[in-house]
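A note on names: the letters A, B, ... follow the listed sequences, proteins ahead of strands, and every chain is numbered from 1.
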Amino acid sequence: MTQSKKLLLIDGNSVAFRAFFAMHQQLESFVSPDGLHTNAIYAFNNMLDIILKEVQPDYALAAFDAGRTTFRTAQYADYKGGRSKTPEELSEQFPYLQELLKDRGITPYQLSNYEADDIIGTLAREADEQAWDTSIVTGDRDLTQLTSDHTTVVITVKGVTQLEKYTPQHVEDKMGIKPSQIIDLKGLMGDTSDNYPGVTKVGPKTALKLLDEYGSIENLYDHVDEMKKSKLKEHLIEDKNQAFLSKKLATIDRHAPLTLGLADIPYTGDHLEELAEFYRKLNFKSFLNKLQPAAGDDGANPFAGQLHEYTELTAANLAAALKPTAPQAFEIEMLDDNYHTSPIVGFVLGTPGHWYVSSQPELLQTDAMHAWLADESRRKYVFDGKRNYVAANRMGGHLQGLEFDLLLASYLLDVNNNSNDLGEIAHSYGDMDVQTDAEVYGTGAHRSMPEDANVFYQHLTQKAAAIYQLEPDLYQKLKDHEQDQLFRDMEMPLSVVLAEMEIAGITVDAERLKKMGAEFQQTLKVLEEKIYNEAGEKFNINSPKQLGVILFEKMNMPVIKKTKTGYSTSVDVLEKLKSYSPIIDDILNYRQIAKIQSTYVEGLLKSILPDHKVHTRYLQTLTQTGRLSSVDPNLQNIPIRLPEGRKIRQAFVPRQDGWEIFSSDYSQIELRVLASISGDTNMQEAFKEGRDIHANTAMKIFGLDDPSQVTPNMRRQAKATNFGIVYGISDYGLSQNIGISRPEAKRFIAAYFEQYPQVKEYTEKSVQIAREQGYVETLFHRRRYLPGIHSKNFNVRSFAERTAMNTPIQGSAADIIKVAMINMQQALRAEGLQATMLLQVHDELIFEAPSAEIETLKKLVPKVMDSAVKLAVPLKVESAYGPTWFAAK
DNA sequence: GGAATCACG
DNA sequence: ACGTACGTGATTCCG
């Protein structure tokens with residue numbers, strides 16, 4: 001069976017208009033070197049990326065209007081009259097838009113006397129007759145009259161990159177009429193934007209009612225005499241001609257005399273060289289970077305790039321391959337993200353001109369490879385050293401001598417560019433010679449080795465070559481940013497520390513978890529029954545939608561908050577509903593236990609490997625602030641705040657009897673960082689004197705003389721205010737958080753800034769710096785760009801301002817614990833301890849150790865942590881230990 | 001695949 | 001007037 005052909009038809013004018021106005025705000029920032037406005041072209045191209053990927057057409061055309069005069073203006077002179085002139089900033093973009101379309105393999109077309117709609121209608125009809133599948137993209141809902149079993153109309157909503165698909169069914173659901181009735185609707189109600197009238201006093205509601213009853217304008221007028229006497233009837237009779245004319249105007253001509261046919265418009269894909277030239281001309285860097293040869297190309301590569309030659313590694317040539325003393329690129333290949341468990345499919349190493357590839361992981365286990373891996377003097381260039389370290393470890397090797405990690409370098413240069421794909425990153429630095437993994441291996445369920453081994457080898461080779469080629473450029477950029485130390489002395493060594501922590505893993509007592517799971521199961525069952533009783537019916541408690549119906553419709557509780565999709569049923573909402581019914585408490589309990597059960601009992605059990613441990617992966621190049629994140633499983637959000645959840649920690653145990661879990665955390669590290677970098681003398685004094693910072697703040701903002709006057713509630717509010725400052729305060733946010741009025745929150749903040757004046761200066765200075773240089777930095781020159789700081793959109797700009805205040809604080813705290821971790825691994829080794837660092841949870845480090853080493857750790861760990869950096873205030877570290885993680889707190 | 005919810009610092 | 005706290009990840013539902 002042959003698959004039916006796919007046709008893509010684009011309403012060029014309509015989409016261009018939408019594109020132009022969607023990016024109207026950015027009009028003046030999208031200007032080519034020649035002074036041409038490019039915002040519409042840019043947004044149009046974004047839409048193309050999306051729709052081409054989705055439709056994958058065999059044939060494609062973009063239709064444009066030929067001018068103002070058409071056969072419709074002949075029928076009705078004022079058709080589309082009164083429209084204001086197309087802005088010059090847009091009309092100048094049309095010729096380029098057509099050039100873009102050609103370069104993207106899509107035929108642009110216009111026909112004098114006809115509108116784009118008619119071209120589209122005609123081709124869609126021809127395609128329909130051959131049972132092709134057609135997608136029509138437009139911003140104009142009128143085109144939904146063309147929907148059929150084979151034709152889908154895709155409407156751009158909210159800009160041009162959000163698309164809504166209309167099938168005949170969707171048209172009916174959304175508009176209440178069949179696609180064929182749209183022209184009747186327009187006939188009755190007219191169209192103000194196209195400037196033709198319908199029947200007097202008939203709007204959408206009346207028109208829909210009439211169509212519901214009569215089906216079409218023709219049938220309506222056949223029976224108009226039978227209607228009861230009414231104003232409506234008079235208008236209908238009066239405006240009969242107008243109604244028929246309007247229907248005619250609204251009807252798309254599906255037999256326009258086109259000068260081309262379907263056979264003339266094959267979709268030819270990106271014409272890479274022309275397209276690259278076009279992007280360069282318009283200064284479209286991001287599109288240029290995304291540009292690459294399509295997968296399955298015969299390797300032809302128009303971008304200067306070369307395909308590097310390679311040699312397949314064998315036992316015989318291994319020695320020769322390992323001989324060069326210059327730094328070598330090295331990469332172990334795995335297809336799954338989780339490198340702790342993914343099969344290893346091959347590896348590559350070498351220097352330019354001498355690339356060696358292999359699809360035999362066993363070679364990594366040879367003595368020769370082991371010696372080379374462990375030889376610190378043999379420097380290695382890698383992409384994601386941590387991943388390679390773990391993989392080498394699985395092959396019995398110890399990867400040392402890491403000199404340059406492309407992934408870490410690109411992350412530090414711009415944390416927004418947090419791709420994990422070598423190809424994508426290389427492209428963003430202008431190296432187009434390497435494909436992305438998605439292109440070579442596919443994604444999701446389709447991910448697999450290429451059929452042709454040479455494709456695999458070539459990909460490995462191109463990756464290694466890209467690392468080598470980009471190294472000098474990126475290292476220079478790091479130096480330009482004053483980030484070479486951060487890179488060399490912090491992130492690079494940390495990647496090895498993290499690899500060792502991940503490999504160590506933490507032991508989980510599965511039996512313990514299962515026992516807890518059984519108990520939770522019982523509790524859930526009881527709660528479930530109770531909730532069904534109270535609701536008077538069974539429903540899915542896990543479905544916020546169904547729960548909303550029960551609470552707010554059936555039980556008539558007041559709606560406190562709405563979400564995009566319906567009623568909010570989140571904790572803060574439910575808390576406010578407690579007095580209405582005991583069902584609320586049961587739901588809250590159910591939610592709490594269900595969360596623990598699904599995420600922490602069942603979820604955790606799934607990640608335990610045969611060694612009885614879980615081996616998380618720390619993502620070192622993800623967060624915008626420099627923190628780590630933890631996945632598969634996430635060990636940075638194990639419950640602690642509520643007693644039921646906290647019990648989960650009883651399942652985290654040392655790897656052998658006679659050992660314990662030891663934990664140390666920084667106390668108030670973010671506020672200490674704030675005190676230090678703001679230079680605020682009052683806040684510094686509080687820390688230097690070892691005072692309770694929240695109580696101290698309470699005394700200051702409530703104007704008390706003595707700590708004994710601070711009530712628990714005052715301290716709670718002061719604490720929230722301290723947090724608020726760190727997050728980039730707003731009176732509204734604070735008022736919400738501690739349940740006070742907005743003016744009160746405002747007074748709090750004013751009092752706070754009066755007491756800590758240099759903190760106020762710090763917040764103002766941070767925003768100022770972001771405005772002036774476009775980015776903010778941490779103590780160690782970690783950088784975050786904040787393009788939103790100049791936005792005209794209040795929300796976007798406000799967010800950037802809060803981020804400007806928060807990132808140096810959160811990020812510097814992240815820097816500090818990273819330094820501590822590197823020093824800690826060093827210290828444990830130097831002291832010859834068996835103690836092993838296992839986990840990092842942002843401001844705490846968790847170890848396992850023989851009981852006999854606990855006394856040593858109690859001194860050593862805090863010492864290493866509080867001496868990681870020298871701030872203007874002391875760092876305080878608190879420790880605890882016990883037989884499980886539960887006890888170590 | 002997005003939205004809602006909730007776990008952590 | 002705008003409409004919010006900063007940084008994350010996993011699970012579930014549902015179109």
**OP:** Looking at every strand, decide which applies to A/Gln736 at a 4.0 Å heavy-atom threshold: base, sugar-phosphate, or nothing.
**Re:** nothing
Subject >> Side-chain (A/Arg627) to main-chain (A/Ala814) donor-acceptor, under 3.5 angstrom >> reply: no
**OP:** Name the nucleic acid region contacted by A/Arg784, choosing base, sugar-phosphate or nothing; use a 4.0 angstrom heavy-atom cut-off, strictly under.
**Re:** sugar-phosphate
Subject >> Parallel, tilted or perpendicular: ring planes of A/Phe552 versus A/Tyr567, cut at 30 and 60 degrees >> reply: tilted
Original post:
B/dA7 P sits how many Å from A/Leu604 CG, rounded?
Top reply: 16 Å
Subject >> A/Glu575 CD - B/dT5 P separation (whole Å) >> reply: 14 Å
Subject >> Residues A/Glu424 and A/Ser419: side-chain donor-acceptor under 3.5 angstrom >> reply: yes
**OP:** Please state the P separation for the pair C/dT4 and B/dA3 - nearest whole angstrom.
**Re:** 15 Å
**OP:** Respond yes when some side-chain nitrogen or oxygen of A/Arg641 is under 4.0 Å from OP1 or OP2 of B/dA7, and no when none is.
**Re:** no
Original post:
With a distance cut-off below 6.0 Å to the six-membered ring centre and an angular limit of 45° from the axis, does A/Arg617 pair with A/Tyr339 as a cation-pi contact?
Top reply: yes
**OP:** Run the ring-centre check on A/Phe748 versus A/Tyr752 and record whether the distance is less than 6.0 Å.
**Re:** no
Original post:
Please give, in whole Å, the distance from B/dA4 P to A/Ile560 CD1?
Top reply: 18 Å
Subject >> A/Arg783 to A/Tyr775 six-membered ring, cation-pi geometry met (6.0 Å, 45°) >> reply: yes
Original post:
What integer distance in Å separates A/Tyr590:OH from B/dC6:P?
Top reply: 13 Å
Original post:
Counting just side-chain N and O atoms, does A/Thr565 come under 4.0 Å of either OP1 or OP2 of B/dA4?
Top reply: yes
Original post:
What nucleic acid atoms does A/Ile729 come within less than 4.0 Å of, heavy atoms only: base, sugar-phosphate, or nothing?
Top reply: base
**OP:** Using atom NE2 of A/His842 as one end and atom C1' of B/dA7 as the other, report the distance to the nearest whole Å.
**Re:** 11 Å
Subject >> Exercise: do A/Ser630 and A/Thr616 side chains pair donor with acceptor under 3.5 Å >> reply: yes
Subject >> Residues A/Ser570 and A/Asp572: side-chain donor-acceptor under 3.5 angstrom >> reply: yes
**OP:** Give one of base, sugar-phosphate or nothing for A/Val726, where a contact means two heavy atoms less than 4.0 Å apart.
**Re:** nothing
Original post:
Under 3.5 Å, is there a donor-acceptor pair between the A/Tyr756 and A/Thr697 side chains?
Top reply: yes
**OP:** Locate the shortest heavy-atom distance separating A/Tyr411 from A/Gln620; write the atom from each residue and the value.
**Re:** CE2-O, 3.2 Å
Original post:
Checking all strands, does A/Leu619 fall into the base, sugar-phosphate, or nothing category for heavy-atom contacts under 4.0 angstrom?
Top reply: sugar-phosphate
Subject >> Atom C1', compared across C/dG3 and B/dA7: separation rounded to whole Å >> reply: 26 Å
Original post:
With a 4.0 Å cut-off on heavy atoms, is A/Ala804 in touch with a base, just the backbone sugar-phosphate, or nothing at all?
Top reply: nothing
Subject >> A/Phe794 or A/Thr807, whichever maps to the more 5' nucleotide of DNA chain C >> reply: A/Phe794
**OP:** Look at all strands and tell whether A/Asn542 reaches a base, only sugar-phosphate, or nothing, counting heavy atoms closer than 4.0 Å.
**Re:** sugar-phosphate
Original post:
Which of parallel (below 30°), tilted (30 to 60°) and perpendicular (above 60°) describes A/Trp885 and A/Phe652?
Top reply: perpendicular
**OP:** Note every stem involving DNA chain C: at least three consecutive Watson-Crick or G-U wobble pairs, i with j then i+1 with j-1, with both distances under 3.5 Å.
**Re:** B:1-9 with C:6-14
**OP:** Give one of base, sugar-phosphate or nothing for A/Asp632, where a contact means two heavy atoms less than 4.0 Å apart.
**Re:** sugar-phosphate
Original post:
Could you give the CG-to-P distance, from A/Asp665 to B/dC8, as a whole number of Å?
Top reply: 15 Å
Subject >> Whole-Å distance separating the CG atom of A/Asn540 from the P atom of B/dA4 >> reply: 17 Å
Original post:
Between A/Arg591 and A/Thr569, does any side-chain donor sit less than 3.5 Å from a side-chain acceptor?
Top reply: yes
Original post:
How would you label the contact of A/Asn637 with the nucleic acid (heavy atoms, under 4.0 Å): base, sugar-phosphate, or nothing?
Top reply: base
Subject >> Side chain of A/Ser570 - closest among B/dT5, B/dC8, B/dG9 >> reply: B/dT5
Original post:
If you look at every strand shown and take non-hydrogen atoms under 4.0 Å, does A/Ile640 touch a base, only sugar-phosphate, or nothing?
Top reply: sugar-phosphate
**OP:** Identify, residue by residue, the members of residues 545-555 of chain A with a heavy atom below 4.0 Å from DNA chain C, and return them in order of residue number, or none.
**Re:** A/Lys545, A/Gln546
**OP:** Mind calculating the distance between CD (A/Gln668) and P (B/dG9) to the nearest angstrom?
**Re:** 13 Å
Subject >> Nearest heavy-atom neighbours spanning A/Leu413 and A/Tyr785 >> reply: O-CE1, 3.5 Å
**OP:** Check every strand shown and say whether A/Gly603 touches a base, only sugar-phosphate, or nothing at a heavy-atom separation below 4.0 Å.
**Re:** sugar-phosphate
Original post:
Base, sugar-phosphate alone, or nothing: which one does A/Phe723 contact when heavy atoms must sit under 4.0 Å apart?
Top reply: nothing
Subject >> Atom of A/Phe886, atom of A/Arg646 and distance for their closest heavy-atom approach >> reply: CD1-O, 3.2 Å
Original post:
What are the 5'-most and 3'-most nucleotides of DNA chain C lying under 4.0 Å from any heavy atom of chain A?
Top reply: C/dC2 to C/dG15
**OP:** Answer with base, sugar-phosphate or nothing: what part of the nucleic acid does A/Ser629 contact at a heavy-atom distance below 4.0 Å?
**Re:** sugar-phosphate
